[in-house]
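By convention in this document, chain letters (A, B, ...) are assigned in the order of the sequence lines, proteins followed by strands, and residues within each chain are numbered from 1. Because the structure is a prediction, the values reported are computed rather than measured.
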Number of protein chains: 2
Amino acid sequence: MARPRTAPRTVDHPDLAQVGLQQVMEALVDPVRRMVVSQLVRKGEDMSCGTFEVPVSISTLTHHFNVLREAGVIRQYYVGVTKMNTLRTEEMGERFPGLLPAVIAACAEEAGSDVG
Amino acid sequence: MARPRTAPRTVDHPDLAQVGLQQVMEALVDPVRRMVVSQLVRKGEDMSCGTFEVPVSISTLTHHFNVLREAGVIRQYYVGVTKMNTLRTEEMGERFPGLLPAVIAACAEEAGSDVG
DNA sequence: CCTATATTACGGCTGTCGTCGAAGTAATGG
DNA sequence: CCATTACTTCGACGACAGCCGTAATATAGG
């Protein structure tokens, strides 16, 4: 039987109007998740799940992606067998003005210190 | 014997240069601690520990003040038998530009919705 | 269909955080 | 000196988040 051509693997994303500050803060409080956000910013383009440099196992990383997606921080979509990730920068900027940029800037500043 | 007139009860505050983003995020992720920050902003003046409206016991509240102080978010000082609290807004603004205002704005926005 | 690759779901473990009540300490006022 | 007020410290407890490894699922390609 023919496999369905449409919507092979879909991903649910919340409307940011339904995301609370608590959820976003909980998403951004974890250092591994902030690494993900930072690397997305630094790279400047969408990244597949497997290309992040994080000090945790793959299954744990999946968990972190779920948290970030459910908090509306990232958007995910499948490309073949890989899953791509992108920041929902603009939408977040409308929902929580200045929050994401401030956190990203702080990350970058701290990373800058110890990268030396 | 005469009680010491100098430094009756002192409080230690960190230099913000030594406070990391992780610590500040952990301080601000707790809803009770954000209530404290919000109420300080809303009131517009220093508040004593006992005057905050929070849904926790006094001993728990003490713990939250400690976390906020050690993260550099608030400054505390004694006035007689009461302990006053104030936001370190400016210093935080230099250390993590835009972070505190963004969180405060988001708090206010959410509070506004359900106060309706 | 079979294999390889990429990611997810599940179950369990562990450490930490928020919470409380009770006892302790410090200043104030009678 | 004693009582009162305001806050702190301590110990315990329960809940939950992060972590991992293993088994499962879905796509691409031969």
Task: Rounded distance (Å) that lies between atom C1' of dC7(D) and atom CG of Asn85(B) - done: 11 Å
- [ ] Could you check which of dT8(D), dC20(D), dT8(C) has an atom nearest any side-chain atom of Ser57(A)?
- [x] dC20(D)
- [ ] Go through dC20(D), dT27(D), dA26(C) for me and flag the one nearest to the Val81(B) side chain.
- [x] dA26(C)
TODO: Choose from dT8(D), dA9(C), dT19(C) the nucleotide whose nearest atom is closest to any side-chain atom of Ser59(A).
DONE: dA9(C)
Task: Separation of dC19(D) C1' from Arg33(A) CZ (nearest whole Å) - done: 12 Å
Open item on the list: Using every non-hydrogen atom in the two residues, find where Gln23(A) and Val19(A) come nearest and quote the distance to one decimal.
Closed with: OE1-CG1, 3.9 Å
Task: Any Val36(A) side-chain heavy atom under 4.5 Å of Asn85(A) side chain - done: no
Open item on the list: So that I can tick it off, tell me whether Arg95(B) and Glu109(A) are bridged by a salt bridge, with the cut-off set at under 4.0 angstrom between side-chain N and carboxylate O.
Closed with: yes
TODO: Return the nearest nucleotide to the side chain of Val56(B); candidates are dC7(D), dC19(D), dT19(C).
DONE: dT19(C)
Task: Contacting residues from residues 61-75 of chain B, given that a heavy atom lies under 4.0 angstrom of DNA chain C - done: His63(B), His64(B)
- [ ] May I have the distance from Asp30(B) (atom CG) to dA17(D) (atom C1'), rounded to whole angstrom?
- [x] 14 Å
Task: Nucleotide nearest Arg9(A) (side chain, heavy atoms from C-beta), chosen from dA26(D), dC7(D), dT7(C) - done: dA26(D)
Task: Phosphate contact (dC20(C) OP1 or OP2) by Thr60(B) side-chain N/O below 4.0 Å - done: yes
Open item on the list: It should be established whether Lys83(A) places a side-chain nitrogen or oxygen under 4.0 Å from OP1 or OP2 of nucleotide dT8(C).
Closed with: yes
Task: Any Val37(B) side-chain heavy atom under 4.5 Å of Val73(B) side chain - done: yes
Open item on the list: Quick check for you: among dT8(D), dA6(D), dC19(D), whose closest atom lies nearest to any side-chain atom of Thr82(B)?
Closed with: dA6(D)
- [ ] Hey, could you give me the OG1/CD1 distance between Thr89(A) and Ile74(A), rounded to the nearest 0.5 Å?
- [x] 11.5 Å
Task: Distance, rounded to the nearest Å, where Gln76(A) contributes CD and dT8(C) contributes C1' - done: 11 Å
Task: Rounded distance in Å - CD1 (Ile58(A)) to P (dA24(D)) - done: 19 Å
TODO: Starting at atom CE of Met84(B), determine the distance to atom C1' of dA6(D), rounded to an integer number of angstrom.
DONE: 13 Å
TODO: Name the residue closer to the 5' end of DNA chain D, choosing between Val32(A) and Gly80(A) according to the nucleotide with the nearest heavy atom.
DONE: Val32(A)
Open item on the list: In whole Å, I'd like the distance from the CD atom of Gln22(A) to the C1' atom of dA17(D).
Closed with: 13 Å
- [ ] Mind checking salt bridge (Lys or Arg N to Asp or Glu O under 4.0 Å) for Arg75(B) and listing every partner two or more places apart, or none if nothing turns up?
- [x] Glu91(B)
Open item on the list: Can you measure Tyr77(A) atom OH to dT27(D) atom P for me and round it to whole angstrom units?
Closed with: 17 Å
Do any side-chain atoms of residues 50-58 of chain A form donor-acceptor pairs under 3.5 angstrom with protein atoms, and if so which ones, sequence neighbours left out?
residue, atom, partner, partner atom, Å
Thr51(A), OG1, Ser48(A), O, 2.7
Ser57(A), OG, Ser59(A), OG, 3.3
Ser57(A), OG, Thr60(A), N, 3.3
Ser57(A), OG, Thr60(A), OG1, 3.1

